[in-house]
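Below is one structure, written out as C-alpha cells, with a few remarks after it.
Throughout, protein chains are lettered first and strands after them, A, B, ... in sequence-line order, and every chain is numbered starting at 1. Because the structure is predicted, anything quoted here is derived from the model rather than measured.
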Amino acid sequence: MNRALLPEMLNTSMTVLERQRARFKWQQEQQQQQLQQQQESFFGDLSRVFHLQQNQLQGFQGDLGEVVTRSVKPDPAFVDNGWPDLVGFEPCGYGNNNNNGSGFGVNYAISRTSSCPPAVAEATLDAAVLAKGTEPVVSENLSSGIGRESLMKKRKVDKLQSNPKVVAEDGSRDKKIKGCAEDGESKIKEKNNNKSGTTSKNSNKENSAETSKDNSKVTEVQKPEYIHVRARRGQATDSHSLAERVRREKISERMKYLQDLVPGCNKITGKAGMLDEIINYVQSLQRQVEFLSMKLAAVNPRLDFNIDNLFSKEAFPACATNFPAIGVSSDMTNPAYLQLNLMQQQQQQQQQQLVTCCGLEMGINPPDMGLRRTISAPISIPEIFIESSCFTQIQPSSTWDAELQNLYNVAFDQGRTTSFPTQPFTGKIKLTCLFNLHFISLIISIGLKK
Amino acid sequence: MRAPQSLKQEFLKKWMVGLQLCESTNQNMSILERKKAIKLSADIAMASTRNGMTCWSRALVAKTSTDFGNKVLVDNILLASQSEKLKNKRTIIRRKKILRKSHRARKARGGRVVARSLAKEMVKKRTQVLKSLVPGGEFMDDVSLIEETLDYIVSLRAQVDVMRTLAKATELMNGK
C-alpha cells in the first residue's frame with residue numbers, strides 16, 4: 001500500500017487498516033514462533049527435545065513461566081494505541097487461533113495439556129522416545145488446526161526414516177526460516193512428495209518441487225515490496241488473471257477487517273451479505289448523526305455550547321452518563337474482554353495510555369455501580385488474578401483509580417490523564433492512598449453539586 | 001497512531017470551534033438552520049481530524065464547500081483547526097477507468113452460471129450503494145472503497161459518541 005509509505009502518515013496517525021494489519025501480523029508471528037519451536041523439536045537432536053520437554057513440564061507445574069515468557073511480547077495494537085473499538089474484538093480472535101495465549105494464558109496452558117486426543121497419542125506412540133516431549137506440541141498443533149494432524153504424522157514418519165544428516169540439515173535450515181512458516185511447511189510437504197509420491201492437499205504450495213524450494217529461499221531473503229503470486233493447479237497464469245487474483249485477495253482481506261469492525265457481521269458469509277450489513281451500519285451511523293444534530297439543535301436555543309461550563313460544573317453526572325453511550329456503541333461490555341485487557345495491562349505496565357483507556361472502559365457501568373465498584377475494587381478482582389502475584393492485585397485498583405481520574409477529570413484534558421503516574425507501582429499503600437484521595441475528591445465534588 | 005479518546009477530543013475541539021464560528025456569523029437561526037449548522041460543523045470537524053489522509057475526508061470537505069455558500073464557514077473551520085493543508089493536499093491523479101465490457105456471451109442456461117452471475121450482480125449493486133454512502137466513494141475502486149469505509153466507520157462512531165455525550169450533557173444542564 002503506497003499510503004503507508006507517507007512519512008507524515010506514520011507520524012501522526014494510521015489508518016484502521018494498518019492497525020488491524022499490525023495486529024494480524026503479530027498473531028501470525030506468534031504462530032510462526034510456535035511452528036518454529038515445533039520444527040526445532042522435531043528436527044533437532046534428542047537432547048534439545050528433552051530440554052524442551054523439561055521446559056514445558058516446568059511450565060505445567062504451575063509457575064506459568066512459559067505462559068509469561070510467551071505473553072511478554074506485546075500486541076502492537078495494544079502497545080501503540082490501545083484502541084478499545086478494535087481491541088474489543090480481541091477475544092474472538094483469540095478464540096479462533098488460540099496460539100497467542102497472552103490473554104487466556106492460564107486456560108491456554110491447561111487446554112494444551114488436556115486436549116490431546118487419543119488418536120494423536122497413538123500416532124505419537126511409534127516415536128516412543130519422543131512421545132512425551134512432543135505431546136504438548138501436538139496438541140498445540142491441534143488447537144491451530146486439525147488438518148495439520150496428518151502432516152504431523154507424516155513428519156514423524158519422515159523423521160524416523162530419514163538419516164540423521166538430513167535431519168540436521170533440516171534443523172539448520174528451519175532455523176534460518178524466520179518470516180515464512182508456510183514455506184517451511186511446503187518444504188516438508190515437498191519432501192513427503194518425493195518420498196511417497198502422494199499429492200498433498202494444499203497443492204498451491206508446489207508448482208514443482210524445484211520452484212517451491214526456490215521460492216522459499218526467495219522469501220527467506222524477505223523482499224518487502226514484492227508480491228508473490230502463485231497459481232494453483234489449473235489456474236490461469238497470465239498476468240491479467242494474476243493481477244485480478246491479487247486484487248481479489250486484497251479485497252477479501254479488507255473485508256475481513258471490516259467484518260471485525262462491524263458488529264453482527266461475524267456470522268454472515270458471502271460478500272453480498274457482508275456488504276449489506278456494512279451498508280446498514282454506515283447508514284445507521286449517518287442517521288444517528290443526523291438525529292443527534294437535530295436533537296442538539298432542539299435542546300439548545302443557541303449554538304454556543306460553552307463546553308467548559310458544561311463539563312466542569314456538571315462534571316460527574318455528565319461524564320457518568322456519557323460512559324454508557326460509549327460502551328454501547330463500541331462493544332466493550334464484554335467481561336472477557338475486560339479481563340483480557342487487564343491481563344494485557346498487567347504485562348505491559350509501561351503503557352500509561354492503556355491504563356487510562358482501560359479506566360474509561362470500566363466506566364461503562366452506570367454511576368451508582370461505578371461508585372460501588374470503586375469502593376470495593378480490590379475485592380472484586382476476577383479469579384484469574386488471584387493466581388498471579390500480588391502485583392496484579394495492585395493493578396486493578398490502579399485501573400479503578402484511572403477510572404476515577406477520568407471521571408473526575410472530565411474536561412477531556414488528556415495531558416493530565418496521561419501524566420498520571422502509572423509507572424511506579426511499587427507498593428499498594430501508595431496506590432490506595434491515591435485511590436482514597438480520589439475517592440474523597442469525588443465525594444466532595446458530589447457534595448458540592450448538591 | 002492515536003487512541004480513540006484523543007480522536008474524540010480532537011473532534012470535539014474542532015467541532016466547538018466550528019459551532020462558535022456558526023454562532024458568530026448568524027445569531028438567531030431557526031431550528032432547522034441550527035441543525036444544519038451543527039451537522040455541517042460536525043462533519044467538517046470529523047473530516048479535519050483525519051487530516052486529509054483519507055479520501056472520504058477530502059471528499060466530504062469538497063462536497064460541503066461546494067454546497068450552499070458555506071464555503072466561508074468551511075474555510076474558517078479548517079483554518080481555525082490549522083489544517084488548511086487538507087484543502088490543497090494533493091491532487092489525486094485518477095486513472096481513467098477503462099471500462100471493459102465482458103465479451104463473453106452470457107449463457108442463460110446452466111444453473112451454476114446463472115447463480116454466479118446473480119451473485120456478482122448482487123455484489124455489484126451493493127457496492128454501488130456503499131459508494132453512494134461513503135463520501136467520495138464514486139471515484140474509488142473496490143479495494144480503496146473498502147479501506148475508506150473502514151476508516152469512515154471508525155470516525156463516524158467517534159462522532160456519534162461525542163455527539164451523544166454532548167446531547168446528554170446539555171439535556172442534563174437544561175434539566176436543572
Under 4.5 Å to a heavy atom of chain B? For M255(A) that would be both
Heaviest contributor of heavy-atom pairs below 4.5 Å to chain A, chosen from M122(B), K39(B), K125(B), Q159(B), is K39(B)
With chain A, the option among L156(B), L145(B), L133(B), V162(B) that has the most non-hydrogen atom pairs under 4.5 Å is L133(B)
Identify, with sequence neighbours excluded, every residue that meets salt bridge (Lys or Arg N to Asp or Glu O under 4.0 Å) alongside K295(A).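 For K295(A) the salt bridge (Lys or Arg N to Asp or Glu O under 4.0 Å) partners, ignoring immediate neighbours, are E171(B).
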Residue set satisfying salt bridge (Lys or Arg N to Asp or Glu O under 4.0 Å) with R248(A), at least two apart, ordered chain then number -> E244(A)
*Could you tell me whether the side chain of L12(B) reaches within less than 4.5 Å of the side chain of M16(B), counting heavy atoms only?*
yes
Can you find a pair of side-chain heavy atoms, one from Y152(B) and one from P135(B), that are under 4.5 Å apart?
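When only atoms from C-beta onward are counted, P135(B) and Y152(B) do touch, with a gap below 4.5 Å.
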Looking only at L258(A), I279(A), L285(A), most heavy-atom pairs under 4.5 Å shared with chain B are made by I279(A)
Heavy-atom pair count under 4.5 Å with chain B, highest-scoring of E290(A), K271(A), Q283(A):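 Max contact count across the listed options: E290(A).
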Give a yes-or-no answer on whether the side chains of E253(A) and Y257(A) include a donor-acceptor pair shorter than 3.5 Å.
yes
If one checks every heavy atom of A167(B) against chain A at 4.5 Å, the contacting part turns out to be both
